[in-house]
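Order of the sequence lines fixes the chain letters, A, B, ..., with proteins taken first and strands second; residue numbering starts at 1 for each chain.
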Amino acid sequence: MADDKKLTTRAEDFSAWYNELVLRAELADYSPVKGSMVIRPNGYGIWERMQRALDDMFKATGHQNAYFPLFIPESFLHKEAEHVEGFAPECAVVTHGGGKKLEEPLVVRPTSETIIYYMFAKWTQSYRDLPILINQWANVVRWEMRTRLFLRTLEFLWQEGHTAHVTHDEAEVETRKILAIYRRFAEEWMAMPVLTGLKTHSEKFAGALRTYSIEAMMQDNKALQAGTSHNLGQNFAKAFELQFQDESGQMAHAWNTSWGVSTRLVGGLVMTHGDDNGLRVPPRLAPIEIVIVPIWKNEEEKARLTAAALKVQDDLTAWTGRGATDRLRVHVDARDGMRSGAKYYEWELRGVPLRFELGPKDLEKQAVFAARRDTREKQSLAFDGLPATAAALLDRIQNDMFQAALARREANSVRGGISYAQFKELMEGAGAFVYAGWCGEASCEAKVKEETKATIRCLPDAEFCSSEAPTTCLCCGKPSQVEAVWARAY
RNA sequence: CGGGGCGUAGCUUAGCCCGGUAGAGCGCCUGCUUCGGGAGCAGGAGGUCGGAGGUUCAAAUCCUCUCGCCCCGACCA
């Protein structure tokens with residue numbers, strides 16, 4: 001069956017397409033434990049690129065990495081009422097260790113606020129000890145009922161930032177600063193446009209004062225919450241007696257923030273950029289930016305073209321035009337016994353942004369035959385000046401991918417007068433981001449969710465708001481308090 | 001937790017209704033010919049038929065129990 005080689009198309013079944021792509025591009029595989037997965041080298045390589053980019057941004061804004069333990073005393077979860085209510089149902093709890101029942105059960109962290117603010121309290125006496133700006137790269141466990149590769153699994157990898165500040169305003173600035181970093185990362189690295197905005201009370205983090213998020217639109221027009229940044233207020237500081245003496249000698253509770261993005265981003269990348277031929281990885285996140293496929297007919301050519309390919313690779317990787325530490329990431333696929341065509345399909349499935357074919361005719365011309373993964377356009381590129389040409393082309397691909405994703409999102413966004421009936425129809429059909437008014441009542445939010453499965457993804461920041469503010473609530477028709485973006489979400 | 005589906009070679013599966021030698025495609029190994037978009041031929045390796053029990057001369061097939069996974073819904077990064 002030749003069809004075995006083709007993916008289910010997005011139009012046929014988006015969900016099946018996603019699963020097949022993740023498995024066949026070898027990003028991840030199911031593990032023997034229900035709901036958990038193995039991240040394979042192809043997927044982990046993308047995550048590593050994400051980690052590096054984000055880590056650099058966190059460091060550049062004064063954050064330091066640390067590591068807090070996996071196990072948290074169960075009693076810690078109970079210290080913040082809203083927090084325990086939010087997380088208790090999805091916690092894995094360890095009751096036995098060393099062959100004995102434990103005095104106090106240990107919770108496998110679903111997130112680390114409790115243990116971290118407990119420790120911060122130990123370390124903080126004076127306002128001079130603040131701010132504390134910490135990040136950790138870790139795994140967390142949330143016992144989800146319904147799981148999906150990368151998007152929702154029992155265990156996932158993430159970073160969680162935790163900070164403590166002297167004032168509310170300082171914490172708020174931090175919260176927004178991180179949100180801006182997430183946005184920049186999504187746009188500039190993932191080539192994934194996002195909205196920024198405030199979560200409603202029902203969607204905010206359990207224990208936070210306010211939650212902000214970045215929201216991206218997937219190719220099925222559903223929203224993906226791709227990152228969150230919380231202003232925790234003094235909720236955890238009070239629960240864990242995280243106090244300090246201020247300049248006037250008064251004791252005060254610190255103001256905290258926490259923020260995170262997870263391996264879910266890999267799923268977001270797939271659903272933003274994947275096509276019916278497989279994955280498309282934006283160059284900046286691609287573990288391999290360029291794959292060179294030498295083409296030969298016989299042993300003599302095999303030796304000659306493979307050598308030429310390796311030479312091209314050397315020239316590319318030796319180039320320091322992007323800086324000494326940011327070399328072009330190039331792979332030569334000289335596998336024997338596999339036809340070049342088969343190799344093309346495989347690298348396209350895996351999403352490598354640029355392919356250089358190098359056969360006798362190309363070598364003759366002192367050029368490679370280059371194929372863009374995103375547009376599938378092909379052109380001959382001369383050896384002469386190839387590193388700079390390739391780097392420029394990769395930049396263009398990165399940019400074009402962002403522009404294409406942005407255009408797709410805008411084409412599927414609806415602003416201005418939409419009736420609730422039209423909205424329902426839209427949500428049951430193609431889906432969209434709908435910018436519409438909200439009266440501010442949780443009951444309307446709940447009703448819409450009940451009837452359409454759509455939720456308020458965020459109350460968008462000013463720059464994403466419509467030029468003409470909506471005047472009535474999408475649901476009840478009463479005067480609108482605020483503009484909201486409504487959509488079904490992952 | 002409700003609904004649906006599926007467990008047979010590494011993967012996709014046929015066979016099950018109607019019990020009787022476990023088959024195919026892909027992949028893998030060897031060799032030859034190939035090689036500019038998913039190669040061809042020849043040979044070969046690979047199986048506790050998810051597990052346990054039962055019926056039977058005989059079970060992948062029938063019965064009972066059980067385990068697991070996937071998909072769709074309620075909760076969530």
Out of the candidates A/Tyr212, A/Phe185, A/Phe58, only one should pair with A/Trp259 under the ring pair (Phe, Tyr, Trp, His ring centres under 6.0 Å) rule; please name it. A/Phe58
Distances under 3.5 Å between nitrogen or oxygen atoms of protein and nucleotides 70-73 of chain B:
| from | atom 1 | to | atom 2 | distance (Å) |
| --- | --- | --- | --- | --- |
| B/C71 | OP1 | A/Asn19 | ND2 | 3.3 |
| B/C72 | OP1 | A/Ser15 | OG | 3.3 |
| B/C72 | OP2 | A/Arg146 | NH1 | 3.3 |
| B/C72 | OP2 | A/Arg146 | NH2 | 2.5 |
| B/G73 | N7 | A/Arg146 | NE | 3.4 |

What is the ring orientation for A/Tyr117 with A/Phe236, classed by angle as parallel under 30°, tilted 30 to 60°, or perpendicular over 60°? tilted
Angle between ring planes, A/Trp486 versus A/Trp438, binned at 30° and 60°: parallel, tilted or perpendicular? perpendicular
Counting any heavy atom closer than 4.0 Å, what does [X] reach on the DNA or RNA strands: base, sugar-phosphate only, or nothing?
| X | value |
| --- | --- |
| A/Leu151 | base |
| A/Gly260 | nothing |
| A/Arg376 | base |
| A/Lys302 | nothing |
| A/Pro89 | nothing |
| A/Ser340 | sugar-phosphate |
| A/Thr211 | nothing |

Are [X] and [Y], when compared by the centres of their aromatic rings, separated by less than 6.0 Å?
| X | Y | result |
| --- | --- | --- |
| A/Phe76 | A/Phe240 | yes |
| A/His162 | A/Phe68 | no |
| A/Phe369 | A/Phe356 | no |

When you compare B/C70 with B/C28, how far apart are their P atoms, in angstrom units rounded to a whole number? 27 Å
Between the base of [N] and the side chain of [X], is there a donor-acceptor distance below 3.5 Å?
| X | N | value |
| --- | --- | --- |
| A/Glu348 | B/G37 | yes |
| A/Arg339 | B/G36 | no |
| A/Lys343 | B/G36 | no |

Does either side chain, that of [X] or that of [Y], offer a donor lying less than 3.5 Å from an acceptor on the other one?
| X | Y | answer |
| --- | --- | --- |
| A/Thr163 | A/Thr257 | yes |
| A/Glu155 | A/Ser36 | no |
| A/Gln225 | A/Tyr490 | no |

From the list [options], which nucleotide is the closest neighbour of the side chain of [X]?
| X | options | value |
| --- | --- | --- |
| A/Arg355 | B/G37, B/G38, B/G36 | B/G37 |
| A/Ile295 | B/C35, B/A77, B/G38 | B/C35 |
| A/Lys361 | B/G36, B/C75, B/G37 | B/G36 |
| A/Trp296 | B/A77, B/C35, B/A39 | B/C35 |

Rounded interatomic separation in angstrom, taking CZ from A/Arg304 and P from B/C35: 15 Å
Between atom CD in A/Glu357 and atom P in B/G36, what is the gap in whole Å?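 Rounded to the whole Å, the gap is 10 Å.
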Secondary-structure stems for RNA chain B, with pairs counted as Watson-Crick or G-U when both distances are under 3.5 Å and runs at least 3 long: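 For RNA chain B the paired stretches long enough to count as stems (3 pairs minimum) are B:1-7 with B:67-73, B:10-13 with B:23-26, B:28-33 with B:39-44, B:50-54 with B:62-66.
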A/Glu187/A/Arg183 ion pair, N-O < 4.0 Å: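 Result for this pair is yes, salt bridge flagged.
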May I ask whether A/Tyr344 stacks on the base of B/G37, given the cut-offs of 5.5 Å between ring centres and 30° between planes? no
RNA chain B: A/Tyr490 or A/Lys378, which has the more 5' nearest nucleotide?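 Mapping each residue to its closest nucleotide by heavy atoms, the 5'-most match is A/Lys378.
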